[in-house]
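A quick write-up on the structure given underneath.
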Amino acid sequence: MESRLTSPHRAQPAEAAVAGALIPSPRSAADQEPTRRRTGRIEDHGMVGNLRSATLIDRDGTADWMCLPRFDSPSHFTSLLGTEEHGLWRIGPAGADGAAPAVADRRRYLDDTLILESTFITVDGTVQLLDFMPPDGGAPQLVRIVRCISGRVPMRSLLRARPGHGSRVPRLDVEGRRASIDLGDGRLWLDTPAPTVESGGDLRSEFTVSEGEDVAFTLSYGDGYDVPPPLPDAGGLMKETADFWREWIAQSTYTGPHRDAVERSLITLKGLTYAPTGAMVAAATTSLPEEIGGVRNWDYRYCWLRDSAFAVTALLSCGFVEEARAWIEWLRVAIGGHPEQLQVMYGVAGERDLPETELGWLPGFAGSTPVRTGNAAAKQLQVDVYGEVISALYEAQLLDPSLAPVVGPLVTDLAACLEGLWSLPDEGIWEVRGAQRHFVHSKIMAWVAYDRAVRLIDAGRAQGPVARWRALREEIHAEVCALGFDERRGTFTQSYGSSELDAALLQMVGTGFLPPTDKRVVATVEAIQRDLSVTGGFLQRYRTHGEVPGVDGLAGDEGAFLICLGWLVAALAAIGRVDEAEILLDGLLSTRNDLGLMSEEWDPCRGRQLGNLPQAFSHLALIQAVLALHAARGGQEPARVKAAR
């Protein structure tokens, strides 16, 4: 995805030290355990969520990332980006003292849900750990149910909450079967029948489960102190959660090949939605590295207009109109009647100020620093965003004409603002930290903005200066063909005057800017595939140059961007190379972990995921690639705009 800007300001752990001691905390000899750095892989994680926030859970039953009450709240479990001292909640077979935690023998999501089932097969018997967050709109909860399938298995729970992104030890209270954790600005409540004791700032439970027995743990968040939440019914919450997800995914209209993969990606996109407003975050995490040990570590827990527009389009193509309606309403509120103040990203409730800081006390995933929160790229100029948002709005009203009264004014307001911006150099889709440029992709998307605005006005669904915008559409088209095309190479280029390529140009194929059969389009697709491919047919977004900063102004390298491979699959299918597109689609599908989740990037040499997880870009790319290939094979046609030229 995009490079994210950094700020020189650093937040210090002392700023957050409200409720308890700073990390590290002193412990008695009896309480001492080895301080382990979390050394798992990105793809070892599953996500559970409640349409407000998310928790990541490793193969060993460790919840090592949890932000409450929102996606972008400070985390309470942060060992994903540090050591075990930065907070976690592990439930699993007890094992020997000091031994490494047992790893689940198999995992899956219960059919058509976001309920994670991890199965541990031990010498004492078999147990399952069921993890979920009820999307019921109430107080955020993480529910963990231990279910014994056979035998009699000793189990252990270690809950180490460390508020403020792992910066402090909270105060704990244990009264009978309920414990509470003082966060400073709220409280966590743990309810379980398992005997629980406080030890060195942790909550520990040791218990044994027998065949047919369930033992539930429910962690509830509250923003007050005096009124505890009602006692939870874990079994009832699990049924309600399963029913919610199964009823939701049953709305999907897609019935073609790879249906399971498409539906898992649809569920994941829904899981990245902030239900109170309809905003969609780019990913559930911050600072998972695009290069192990590198500096390309960014916070994606915000709503990028581009990412969410793409996600809405993918959801629309499978029949999910309600999500589009909610996103459009969020967009209308976020813009607030002032489209001239448009930002490229916002907080999930429309916040504009997203100051970027570095959390210097965290050593980062696999030593990849800095760890960042916030995102300074919110202040960049990215011209392409106008085209992507207007295109999503246009497609939404095609499927649901009742949206036209809302969509029309949004489109014309944005198109009017773009008149003074489209000709400027910008930071582009990848949010470069180098010099602004006249990125060809940005210009093409400006053309898309006016093309869709003209179509909307011509259809009588909006009002605007259609003659002027029709002429402007032609002006942009002529300029791109003259200045963004390299006659020597016979291809479109990354920016005016450059001979470099950019995988974002693959999006040209589906916009209608030129017909897919145009020799310039075909040559550009082929050149990108040839020059930006790495092992396995995966694509770089553009060439990086190691320690020498490139177009993005950053040193270091990165993995292959999965959305780029999705674009290539769709482009090849459109230009008639369907068999080849199908082979590359298999490669894209192979990057999913055992739960069907995809991160932002892929390391084809090591066969590992890179970047934040789960990544909306990657999942929407999979959906669109599958649908494009299915349509090319003569299957159902996804909702899309036909080429006009």
Side-chain angles (χ1 to χ4, degrees), residues 1-2 269 272 278-282 300 302-317 323-324 327-328 330-332 334-335 339 342-346 377-378 380-399 403 407 410-419 421-422 424 426-432 439-456 473 476 480 502-513 541 561 563-564 566-567 570-571 615-621 623-624 628 638-641:
M1 191 203 225
E2 303 91 331
L269 291 179
L272 294 173
M280 299 181 187
V281 297
Y300 283 10
Y302 306 107
C303 184
W304 270 259
L305 296 189
R306 174 191 305 108
D307 304 45
S308 56
F310 284 160
V312 162
T313 302
L315 289 163
L316 281 169
S317 68
E323 284 63 33
W327 175 75
I328 291 169
W330 170 84
L331 179 66
R332 188 186 65 80
I335 293 175
L342 185 77
Q343 292 190 173
V344 300
M345 76 175 95
Y346 297 84
Q380 286 189 347
L381 173 62
Q382 299 168 22
V383 169
D384 65 292
V385 166
Y386 290 84
E388 288 138 359
V389 170
I390 288 175
S391 180
L393 292 171
Y394 180 80
E395 295 197 21
Q397 61 84 36
L398 284 180
L399 285 182
L403 288 170
V407 163
L410 280 172
V411 168
T412 53
D413 283 350
L414 292 171
C417 290
L418 185 57
E419 288 190 63
L421 299 173
W422 76 266
L424 300 177
D426 71 338
E427 281 87 1
I429 185 173
W430 306 124
E431 301 183 348
V432 300
F439 286 104
V440 174
H441 171 264
S442 293
K443 308 300 185 187
I444 291 172
M445 296 312 297
W447 177 91
V448 169
Y450 288 112
D451 179 73
R452 305 315 189 252
V454 167
R455 294 186 188 203
L456 198 62
R473 178 180 64 178
I476 297 171
V480 170
D502 191 319
L505 293 170
L506 293 167
Q507 286 189 278
M508 178 195 313
V509 180
T511 63
F513 183 82
R541 50 182 178 168
F561 269 63
I563 193 172
C564 298
W567 289 339
Q615 180 79 11
F617 254 9
S618 301
H619 283 281
L620 65 89
I623 294 167
Q624 292 175 333
R640 63 178 59 192
V641 178

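Side-chain atoms are counted along with the backbone in the values below, which use heavy atoms only and exclude waters and symmetry mates.
Distance check: Arg452 CZ to Leu414 CG gives 14.5 Å after rounding to the nearest 0.5 Å. How far CG of Leu393 is from CG of Leu331: 6.0 Å, rounded to the nearest 0.5 Å. From Tyr386, atom OH reaches atom CE of Met445 across 13.5 Å, with rounding to the nearest 0.5 Å. Atom CD1 of Ile429 and atom CD of Gln507 lie 5.0 Å apart (nearest 0.5 Å). Note: Ile335 CD1 to Cys417 SG = 8.5 Å, rounded to the nearest 0.5 Å. Interatomic distance, CD1 of Ile328 versus CG of Leu403, reported as 4.5 Å (0.5 Å rounding).
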### Task
Begin with the C-alpha distance, continue with both residues' side-chain angles, and end with the deciding distance and a verdict on side-chain contact (heavy atoms from CB on, under 4.5 Å) for Trp430 and Asp502.
CA-CA 10 Å; Trp430 306 124; Asp502 191 319; 2.9 Å; yes
### Task
Under the side-chain contact (heavy atoms from CB on, under 4.5 Å) rule, what do Val312 and Met280 come out as? Steps first, then yes or no, please.
CA-CA 9 Å; Val312 162; Met280 299 181 187; 3.8 Å; yes
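In this structure, Glu427 contributes its side chain and Gln380 its backbone to no donor-acceptor pair below 3.5 Å. Although no hydrogens or angles enter the test, the distance criterion places a donor-acceptor pair under 3.5 Å between the side chain of Asp426 and the main chain of Val383. Using modelled atom types, one side-chain atom of Lys443 and one backbone atom of Trp422 make a donor-acceptor pair closer than 3.5 Å. A donor-acceptor contact shorter than 3.5 Å links the side chain of Gln397 to the backbone of Tyr394.
The side-chain heavy atoms of Val389 and Val411, taken from C-beta on, include no pair separated by under 4.5 Å. Considering only heavy atoms from C-beta on, Leu342 comes within 4.5 Å of Leu305 through its side chain. In this structure the side chain of Ile390 never reaches within 4.5 angstrom of the side chain of Leu456, judged on heavy atoms. Within the 4.5 Å cutoff, the side chain of Phe513 has no heavy atoms near those of the Val448 side chain. Within the 4.5 Å cutoff, no side-chain heavy atoms of Trp567 are placed close to those of Val509. Proximity of Val281 to Tyr300: side-chain heavy atoms (C-beta onward) are nowhere separated by under 4.5 Å.
Ala311 approaches Leu620 most closely through the heavy-atom pair N-CD2, 3.6 Å. Contact record, Glu431 with Val344: OE2-CG2, 4.4 Å, taken as the closest heavy-atom pair. Considering all non-hydrogen atoms of both residues, Ala571 and Leu506 come closest at CB-CD2, 4.2 Å. The minimum heavy-atom distance linking Ser442 with Gly428 is given by the pair OG-CA, 3.7 Å. When all heavy atoms are compared, the tightest approach of Leu410 to Arg332 is CD2-CA, 4.2 Å. Leu316 and Ala392 make their closest contact through CD1-O, 4.3 Å (heavy atoms, listed as atom of the first residue, atom of the second, distance).
Between Asp384 and Arg306 there is a salt bridge, with a side-chain nitrogen of the basic residue lying less than 4.0 Å from a carboxylate oxygen of the acidic one.
Using the six-membered ring where Trp is involved, Tyr302 and Trp304 have ring planes that are tilted, between 30° and 60° apart. Relative ring orientation between Trp330 and Tyr346 is described as perpendicular, the plane-to-plane angle rising above 60° on a 0-90° scale split at 30° and 60°.
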